[in-house]
Amino acid sequence: MSGPDDGRYVDPELGLLLGEGAAQRIAAGEAREIWRDVAASLPAPGEGPTYYDRPVLKEPVWIWSVPVYFWTGGTMGAALALGGAAQLAGAELRPFVRRCRWVGAVGGAASAALLIHDLGRPERFHHMLRVFRPTSPMSVGSWVLAAASTLAGGAALLGRRRGLLRGAGDLAGLGAALLGLPLAGYTAVLVGNTAVPVWLAARRSLPFLFIASSMSGAASFFDLGSLRPREARVVRAFGIAGKAAELAAIAAVESEAGRVERVGRPLREGVAGALWTAAKVLTAASLAATLLPRRSRRAGLAAGLLGTAGALALRFAVFHAGKASSRDPRATFHQQRLPSCETSTP
Amino acid sequence: MIQGSNMAECHPVGFRWVMEAKARGAKVVHVDPRFTRTSAVADLHVPLRAGSDIAFLGGLVRYILEEDRWFRDYVVHYTNAAALVSEDFRDTEELDGLFSGWDAESGHYDPSSWAYEGAPASVPTAHRETATGQPGPERSKHRKPSRTDPTLQHPRCVFQVLRRHFARYTPEMVEEVCGVPRALFLRVAETICANSGRERTTAFCYAVGWTQHTIGVQYIRTAAILQLLLGNVGRPGGGILALRGHASIQGSTDIPTLYNLLPGYLPMRKAQADGGLAAYLERNTAETGWWHEFPKYAVSLLKAWFGAAATAVNDYLFDALPAIDGDHSHMAMVAAMADGKVKGYFLMGENPTVGSMHGGLQRAALRKLDWVVVRDFAVTESAEDFWREAPEEVETEVFFFPCAAHTEKDGTFTNTQRLLQWHHKAVEPPGDCRSELHFMLHLGRRLKALYAGSTDAKDRALQALTWDYPTVGPYEEPDAAAVLAEINGYRVADGAPVAGFGELAADGSTACGCWIYSGCCAGGENGPARRRPAGEQSWVAPDWGWAWPANRRLLYNRASADPEGRPWSERKRYVWWDEAAGRWTGHDAPDFPVDRAPSYRPPRGARGVAAIGGADPFVMQSDGRGWLFAPNGLLDGPLPTHYEPQESPIENPLYPQQRNPARLEWRRRDNPYHRAAGDPRYPYVLTTYRLTEHHTAGAMSRWLSWLAELQPELFCEVSPELAAEKGLAHGGWATISTARTAIEARVLVTRRLPAIRLKGGVVHQIGLPYHWGSKGRVRGDAANELIGFVADPNVSIQESKALTADIAPGRRSRSA
Amino acid sequence: MAVGFFTDTTVCIGCKACEVACKEWNQLPDDGFHFTGMSYDNTAALGASTWRHVSFVERPVALSEQLTGLGQFSWLMMSDVCKHCQRAGCLEACPTGAILRTEHDTVYVQPDICNGCGYCVTACPFGVIDRREDDGRAWKCTLCYDRLRGNLTPACAKACPTDSIQFGELDELRERAARRLAVLHERGVGEAWLYGADAASQPGTGGLNAFFLLVDKPEVYNLPPEPVVPTHRAGEAWGAMALAALGMAAAALGSVLASRSGRG
Amino acid sequence: MAPSKILDALSRWPVARQLRDGDWTALAGPARSPRTEALAPRTERADRVVRSVCPYCAVGCGQLVYVQDERITDIEGDPDSPISRGCLCPKGAATFQLVTGSHRVKTVLYRGPYGTSWETIPLERAMDMVAERVKAAREATWEERRADGPPLHRTMGLAHLGGATLDDEENYLIKKLFTALGVVQIENQARI
């Protein structure tokens with residue numbers, strides 16, 4: 001426990017470390033540097049007071065795998081929903097249904113891997129299903145993801161069977177499809193359910209954005225493969241709806257977040273701003289490619305690539321906007337100082 | 001009133017009670033050059049120029065006298081206001097800032113003209129009493145003045161002398177000297193006057209912000225005059241509290257590891273005035289007052305040290321004691337070391353190259369030694385820096401002994417209120433770590449063995465020394481309780497502990513290691529170890545630890561009652577005369593002969609304690625009175641006078657005499673001073689201080705990550721004005737230089753260190769905490785490198801709270 | 001029994017005894033040795049290893065009850081800590097049940113359960129709880145849950161020399177705070193006010209078990225002016241999601257149906 | 001795994017507890033782990049508690065030192081002290097690190113003349129070396145009388161400077177032994 005370089009510097013021969021924080025692991029080398037730069041002596045004037053312009057919130061600790069999961073989870077969710085719908089259409093779309101189920105199954109596995117990779121203590125991933133806590137979108141989401149992946153997997157495996165097993169498979173497929181709906185959108189609720197100003201501000205429009213982007217993502221994913229004509233028609237329609245909705249949702253998010261200048265800022269500036277614009281352009285381009293009258297294989301591929309890139313860029317944009325927003329104390333202060341929520345506070 | 005102290009930062013838990021008082025309506029006034037964490041919660045904060053406190057306090061004295069706000073009954077009966085001073089006395093008013101008796105040749109005062117009328121001259125009992133080189137009476141001739149004037153009208157009575165002396169300390173003068181606006185000054189004056197008298201009291205708290213000056217003792221004297229005039233001494237909620245900085249620094253003064261004292265404030269043997277024990281006792285035994293008891297304490301000490309070998313016939317081996325013949329205090333000692341006069345040096349838990357003054361000279365001195373012993377937790381700057389630079393040139397041998405922590409040994413600390421508290425051993429010390437008690441005992445055993453066969457007279461004391469302390473535990477640790485028992489004192493016949501100094505005798509029948517501690521083990525009980533919970537006893541808490549003398553918590557507490565022995569007021573009831581029982585009683589042990597009626601008047605020619613009247617509370621004084629005017633005891637004047645610090649950017653606005661004439665200087669090439677006021681080389685005032693997060697030289701705090709992270713780097717505090725003037729960047733580096741050397745520090749620009757506006761212009765001040773050094777988990781330059789050897793004449797304490805410096809952006813060039 | 005802290009910043013002397021007592025009792029590591037230039041605050045913020053943090057504010061405004069030669073100036077100090085909110089963002093966000101509400105009505109992170117998902121970090125409107133990267137788990141003030149189990153006062157409150165940090169039963173603390181506030185207003189310190197003392201004054205959190213007496217805007221101390229526990233508004237988000245999901249379902253069915261009419 | 005075992009494991013699964021207790025939020029009870037249930041202050045496991053006094057400033061705050069397996073596990077304020085009522089300042093609160101810190105040196109170190117580094121030497125030998133050097137210095141610098149007559153009976157070749165965290169008993173032995181040796185240059189932080 002104790003040692004020469006653990007930040008407690010206690011000689012084990014002389015003292016015992018038994019406190020609640022004694023088990024806190026410290027990387028070798030010097031203790032974590034929380035603050036390097038020298039601040040101004042007095043709080044900076046203008047735009048209201050802050051504490052030496054220090055952030056009031058802690059920056060989200062999530063890494064790249066989380067926004068990637070937003071995409072995989074969304075894509076599989078939309079794919080499962082589409083597969084469920086296709087299931088109702090009868091034999092013609094049967095291969096497409098199986099394809100959707102496999103996307104769900106593989107996507108589920110990938111999603112789980114991405115999430116576990118982000119954990120501070122990956123070996124404790126199973127604690128995610130330790131309790132069911134409805135107040136926590138992450139808890140709800142974990143159960144949904146687990147169930148959806150399992151059903152999708154089962155449905156995929158039973159996809160070619162006949163008789164009873166096939167029935168079971170279809171049932172699982174429908175279940176997965178139903179779970180696919182929240183799976184595609186709960187991640188928006190998850191980020192909206194935080195203290196991060198830009199996410200909090202956009203909590204009503206973000207679900208629309210994420211689900212629309214999931215549709216677009218799924219459609220674009222299928223665009224990458226080769227499709228039978230009818231399958232292509234399904235995917236095209238689904239994609240057009242998704243991409244159009246996504247563009248609309250983007251505008252909605254901007255207006256919702258933009259109500260407080262400081263809060264909307266990350267969507268206009270820096271890395272997040274750039275990604276946000278990229279997402280818009282890519283999605284629009286993908287939509288255009290899809291709408292091209294003469295549907296060529298190459299156009300389909302282009303639409304798929306643009307759409308996928310757009311969906312990914314969007315998730316990363318939202319992710320980084322949150323990080324930037326949490327670093328800006330004034331975003332929090334201004335958001336809470338809206339006339340609407342003025343109270344006794346001086 | 002807190003001045004010369006940053007109590008909230010340096011004594012946070014002591015400050016708990018200040019905040020408690022504030023919650024109950026007390027006003028907290030903080031007078032300090034800086035706006036500190038103490039100022040932050042004070043009702044009134046008064047920034048003043050570092051080194052100008054006497055002018056400020058003098059202004060308050062004048063205000064109280066001129067506005068007639070003094071406590072008449074108290075002043076007339078309990079102070080020497082009515083005493084008539086010798087006709088030969090001349091004040092600074094008449095002699096341009098000097099008192100009568102100044103000898104420019106020797107650079108000393110002859111204090112004989114300061115005596116009471118009719119009282120013979122005596123050399124000061126201050127620590128350099130032998131500096132004048134003249135043998136003579138010390139306390140022996142102290143006695144009451146032959147004439148007094150209770151109407152306080154006589155031109156030569158102390159009260160009138162006082163009034164004349166402070167006449168020029170007007171609010172305008174305060175503004176000119178201290179830079180304190182008249183209105184703010186008057187606010188302070190009104191506040192303390194309004195909170196003094198029968199119903200209320202004002203307390204003064206000070207620390208090294210007052211002592212570390214070339215006129216430090218007189219700072220405290222001024223406060224004493226103020227408190228006596230307001231009737232705030234010897235009463236609950238009053239007094240002048242020295243906030244001392246180390247766990248047992250009071251103990252190391254009471255049981256002095258100081259060159260000029262023997263335990264219990266008995267003077268050391270003096271070479272010039274030698275004449276054996278008889279002469280020593282004669283000189284130090286006061287005719288009247290408590291010091292008449294002197295022989296009992298001196299002889300009992302000799303018995304404690306030399307045991308059976310000490311007999312009346314051989315003067316209890318008094319002649320075996322070494323004699324002093326001048327100033328051998330810290331700086332004198334280090335100067336002698338630097339001159340190659342010292343061979344061996346013991347540093348026990350002390351780190352002078354960081355904690356003392358002028359690190360450069362300290363290191364030079366260490367390089368001249370044959371050997372040095374350092375005892376501490378870890379290797380200190382003092383143990384290494386002086387040879388690390390050029391090992392091949394430094395012959396000095398260095399022994400580093402790891403010490404035991406307070407949790408690894410039994411023993412007593414004496415805290416700042418004279419309270420002895422026993423700390424119990426919790427665990428055995430690790431490895432070769434040992435207590436100083438262990439080190440001294442076993443070093444003594446070895447030396448006794450080395451000298452066993454000697455017949456040389458010089459070795460007699462060592463051979464006779466009682467040293468057979470019992471040891472305990474696997475490491476033969478001496479039993480601290482046995483040492484404490486010797487300090488308490490015992491009857492030689494049966495070794496039974498004495499109940500207190502009252503039982504000590506001058507005939508060799510008792511032994512006592514320190515008379516003021518006598519009684520701490522009365523009845524064999526370890527008084528300092530007493531721990532009755534606060535909740536289970538009175539607010540005075542007499543059953544927690546043991547306070548010297550006689551477990552008395554408030555000194556001179558007879559003054560808490562009026563001359564007739566009745567409490568001045570119900571609110572301030574503390575100790576009073578119980579007519580029925582015919583004795584003094586109250587919340588505390590009365591600091592007075594317990595059965596002496598207030599009406600008692602000593603017969604003519606009464607001697608010793610019998611000469612103390614029933615209404616004379618200050619029993620240690622020859623006249624039982626509080627001294628507004630000090631007829632003896634001081635080397636730099638009977639009254640406080642404002643002098644500028646050794647290094648000051650301005651000229652003394654009060655007198656032509658710039659500095660304390662009697663200050664101690666070390667004029668040597670390796671200790672340059674910056675003299676001329678207005679010399680552009682060092683235009684700013686520098687002051688040094690502590691932070692809550694660190695402890696003195698840092699050896700006990702810079703290794704501790706939990707403290708080091710709170711104040712990781714040395715910084716200097718400067719005002720925005722000075723930062724702009726010199727182009728200092730907040731958070732950047734600055735180099736601060738004095739006549740001695742230069743150091744570097746990070747810049748903290750803050751309004752908390754204001755530029756002081758005087759009539760002459762603006763004086764900028766630079767603030768530096770002094771906790772850093774080259775060792776530890778966090779390191780940095782040591783502020784004390786900048787400070788020179790120069791001291792107050794009475795106590796030889798250096799001046800580190802006000803000196804001149806320059807500051808420039810950027811890091812220093814020279815290597816550490 | 002609900003317990004908490006009442007931190008009266010008007011008597012804080014910024015000694016940081018609370019910071020050290022907390023690190024000593026909980027045996028937390030240092031956060032590195034860095035001169036920040038933020039007055040006397042060199043630990044900068046609450047974090048995974050700093051569960052008490054004293055902020056220092058040098059402001060060009062005088063305190064009502066204080067007169068200083070510096071004129072318009074005062075130095076504010078505040079010992080910050082986890083608020084143990086009545087509606088706690090971290091608690092409601094935690095998916096593993098590592099964070100829970102104790103029998104003392106405090107919010108506690110179980111170090112043996114936390115898997116470091118990091119969701120609580122984003123959910124705390126006060127920026128208190130944090131994940132220590134080299135440890136992988138989220139940490140914050142436990143309100144000395146272990147000491148409470150032994151009827152001991154939390155380390156910080158016990159050490160505090162001036163009783164700026166007061167520990168006790170919540171209702172009793174609120175009364176004390178109200179009395180103190182009245183005294184200050186009486187003395188003319190009109191700027192004094194209570195932050196998060198109850199649900200009425202801070203509906204967003206339902207009130208704080210660790211509340212404060214301040215003399216300036218919350219922003220000055222780096223406190224959010226109107227903190228709201230995120231789940232307060234989760235309903236809106238879930239609703240929006242349901243609507244969007246239905247839209248997707250419709251789109252899916254629609255595209256499938258439409259595809260039938262299309263020509264091969 | 002036997003079915004009973006599986007059932008047992010299942011029943012310990014917090015979700016199962018949720019269903020059993022009908023707790024749909026899982027914000028408290030069911031989420032508790034066995035470790036949490038067993039949580040208690042470490043001071044309850046101490047073998048002994050020792051009363052001490054803070055070694056930093058002169059206020060003299062009371063401290064309680066908790067010892068377990070002959071090692072210190074905690075040092076905090078003593079609530080019984082009328083001086084401190086259980087409070088400590090940051091330094092006092094850090095005492096645990098002061099006395100148990102890895103910075104503490106546990107062996108005697110010696111640096112010889114012109115030496116460039118420290119070497120470890122045994123305590124007993126070091127004590128002997130110091131005693132011999134004290135004697136040598138004393139012999140070489142003894143002053144019996146001053147040129148103009150007065151007796152000095154001392155050595156100016158030895159000096160001592162003590163810190164002010166030494167116990168009274170330690171100061172007493174320092175003053176007693178050094179004075180008996182004729183050392184007068186005995187000084188202390190008390191003057192600084």
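Below, each value reflects all heavy atoms present in this structure, side chains not excepted, and no hydrogens, waters or symmetry copies. By convention in this document, chain letters (A, B, ...) are assigned in the order of the sequence lines, proteins followed by strands, and residues within each chain are numbered from 1. Bear in mind the structure is a predicted one, so any value in this text is a computation, not a measurement.
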query: Tell me, do Val99(D) and His406(B) make a side-chain contact under 4.5 Å, heavy atoms counted?
result: yes
- prompt: Looking only at heavy atoms, what is the nearest atom pair of Ala140(D) and Lys343(B), with distance?
  reply: CB-CE, 3.9 Å
Check: Phe401(B) and Leu123(D) side chains under 4.5 Å, non-hydrogen atoms: yes
field: For chain D, the option from Pro533(B), Gly776(B), Ala461(B) that forms the most heavy-atom pairs under 4.5 Å
entry: Pro533(B)
message: Students often mix this up, so state it plainly: with edges at 30° and 60°, are the rings of His103(D) and Phe377(B) parallel, tilted or perpendicular?
response: perpendicular
task: List the steps, then state whether side chain to side chain contact (heavy atoms under 4.5 Å, CB included) holds for Val394(B) with Tyr114(D).
output: CA-CA 5 Å; Val394(B) 182; Tyr114(D) 311 111; 5.7 Å; no
Ring pair (Phe, Tyr, Trp, His ring centres under 6.0 Å) involving His695(B) - partner list, sequence neighbours excluded: His246(B), Tyr56(D)
message: Please check this pair: side chain of Glu436(B) against backbone of Leu166(D), looking for a donor-acceptor N/O pair closer than 3.5 Å.
response: no
Segment of Phe439(B) engaging chain D (4.5 angstrom heavy-atom cut-off): both
message: Looking at Glu170(D) and Arg375(B), is any side-chain nitrogen of the basic one under 4.0 Å from a carboxylate oxygen of the acidic one?
response: no
- request: Against chain B, work out which of Arg85(D), Met129(D), Gln63(D), Glu144(D) has the most heavy-atom pairs shorter than 4.5 Å and name it.
  value: Arg85(D)
For chain D, the option from Ala541(B), Ala457(B), Gly513(B) that forms the most heavy-atom pairs under 4.5 Å: Gly513(B)
message: Using side-chain heavy atoms (C-beta onward) and a distance below 4.5 Å, is Glu187(D) in contact with Leu258(B)?
response: yes
- prompt: Quick one: what part of Cys54(D) sits under 4.5 Å from any heavy atom of chain B, side chain, backbone, both or neither?
  reply: backbone
message: With a 4.5 angstrom heavy-atom cut-off, is it the side chain or the backbone of Leu181(D) that approaches chain B, or both, or neither?
response: side chain
- request: Without swapping roles, check the side chain of Lys175(D) against the backbone of Leu261(B) for a donor-acceptor pair under 3.5 Å.
  value: yes
field: Exam field: side chain Arg244(B) to backbone Cys57(D), donor-acceptor pair closer than 3.5 Å
entry: no
field: Side chain / backbone / both / neither for Val67(D) at chain B, heavy atoms under 4.5 Å
entry: side chain
- prompt: Is Arg133(D) positioned over the aromatic face of Phe399(B), cation under 6.0 angstrom from the ring centre and no more than 45 degrees off axis?
  reply: no
- request: Tell me, for Lys425(B) versus chain D, whether the close heavy atoms (under 4.5 Å) come from the side chain, the backbone, both or neither.
  value: backbone
- line: The interface call for Val379(B) against chain D, heavy-atom contacts under 4.5 Å, is both
message: Less than 4.5 Å apart, side chain to side chain, heavy atoms only: is that true for Thr107(D) and Pro402(B)?
response: no
- line: Under 4.5 Å to a heavy atom of chain D? For Lys458(B) that would be both
message: Out of Lys341(B), Gln250(B), Met348(B), return the one with the most heavy atom pairs under 4.5 angstrom to chain D.
response: Met348(B)
- prompt: With respect to chain D, which residue among Tyr345(B), Trp387(B), Trp539(B), Phe306(B) yields the maximal number of heavy-atom pairs within a distance under 4.5 Å?
  reply: Trp387(B)
task: Could you please spell out the steps behind the side chain to side chain contact (heavy atoms under 4.5 Å, CB included) verdict for Leu173(D) and Trp467(B)?
output: CA-CA 9 Å; Leu173(D) 290 199; Trp467(B) 207 251; 4.0 Å; yes
query: Side chain, backbone, both or neither: which part of Val183(D) has an atom under 4.5 Å from a heavy atom of chain B?
result: backbone
message: Quick check: do Asp167(D) and Leu437(B) have side-chain heavy atoms less than 4.5 Å from each other?
response: no
- request: Inspect the contact between Glu486(B) and Lys176(D) and indicate whether a charged nitrogen and a carboxylate oxygen are less than 4.0 angstrom apart.
  value: yes
field: Close side-chain approach of Val427(B) to Arg71(D), heavy-atom, < 4.5 Å
entry: no
Cationic N near anionic O, under 4.0 Å, Arg146(D) to Asp325(B): yes
Interface residue of largest heavy-atom contact number with chain D, from Leu243(B), Thr466(B), Asp410(B), under 4.5 Å: Thr466(B)
message: Report which part of Val50(D) has an atom under 4.5 Å of a heavy atom belonging to chain B: side chain, backbone, both, or neither.
response: side chain
query: Which atom pair, heavy atoms only, marks the closest approach of Leu177(D) to Met440(B)?
result: CD2-CE, 3.6 Å
message: If you compare all heavy atoms of Met268(B) against all heavy atoms of Val184(D), which two are closest, and at what distance to 0.1 Å?
response: CE-CG1, 4.2 Å
query: Is it the side chain or the backbone of Thr116(D) that comes within 4.5 Å of chain B heavy atoms, both, or neither?
result: both
task: Ignoring hydrogens and angles, tell me if any N or O in the side chain of Arg111(D) forms a donor-acceptor pair with the backbone of Phe400(B) under 3.5 Å.
output: no
field: Leu161(D) vs Met333(B) side-chain heavy atoms within contact, under 4.5 Å
entry: yes
message: Quick one, Val134(D) with Trp371(B), criterion side chain to side chain contact (heavy atoms under 4.5 Å, CB included). Give me CA distance, side-chain angles, the key distance, then yes/no.
response: CA-CA 10 Å; Val134(D) 169; Trp371(B) 51 269; 3.8 Å; yes
statement: Ranking Glu70(D), Arg48(D), Gln189(D) by heavy-atom pairs under 4.5 Å to chain B gives rank one to Gln189(D)
- prompt: Considering only heavy atoms, which portion of Ile83(D) lies under 4.5 Å from any heavy atom of chain B: side chain, backbone, both, or neither?
  reply: both
- line: Looking only at Asp254(B), Val483(B), Leu710(B), Val342(B), the option with the highest number of non-hydrogen pairs under 4.5 Å against chain D is Val342(B)
Thr95(D) versus chain B, the contacting section by heavy-atom distance below 4.5 Å: side chain
message: For His160(D) and Phe346(B), take the angle between the two ring planes, folded into 0 to 90°, and tell me which bin it lands in: parallel under 30, tilted 30 to 60, perpendicular over 60.
response: tilted
- request: Could you check if a side-chain atom of Glu169(D) sits within less than 4.5 angstrom of a side-chain atom of Tyr469(B), using non-hydrogen atoms only?
  value: no
message: Need one label for Glu143(D): side chain, backbone, both or neither, based on atoms under 4.5 Å from any heavy atom in chain B.
response: neither
Chain D contact via Ser435(B) - side chain, backbone, both or neither, heavy atoms under 4.5 Å: both
task: Would you name the heavy atoms of Arg191(D) and Ser796(B) that are closest together and state the gap between them?
output: CD-O, 3.6 Å
query: Would a distance-only check, ignoring hydrogens and angles, find a side-chain to backbone donor-acceptor pair under 3.5 Å from Gln421(B) to Val53(D)?
result: no
Region of Asp78(D) in contact with chain B, defined by heavy-atom distances below 4.5 Å: side chain
Closest heavy-atom pair and its distance - Pro150(D), Ala271(B): CB-O, 3.3 Å
task: Please look at Arg16(B) and chain D and tell me whether the side chain, the backbone, both or neither of the residue comes under 4.5 angstrom of a heavy atom of that chain.
output: side chain
task: Using atom types as modelled and distance alone, determine if a side-chain donor or acceptor of Lys106(D) lies under 3.5 Å from a backbone N or O of Cys433(B).
output: no
task: Name the region of Glu119(D), side chain, backbone, both or neither, that has any atom closer than 4.5 Å to a heavy atom of chain B.
output: neither
task: I would like to know whether Leu443(B) and Val130(D) meet side chain to side chain contact (heavy atoms under 4.5 Å, CB included); could you show each step before the answer?
output: CA-CA 8 Å; Leu443(B) 178 64; Val130(D) 172; 4.0 Å; yes
- request: Give the minimum heavy-atom separation between Ala159(D) and Met337(B), together with the two atoms involved.
  value: CB-CE, 4.0 Å
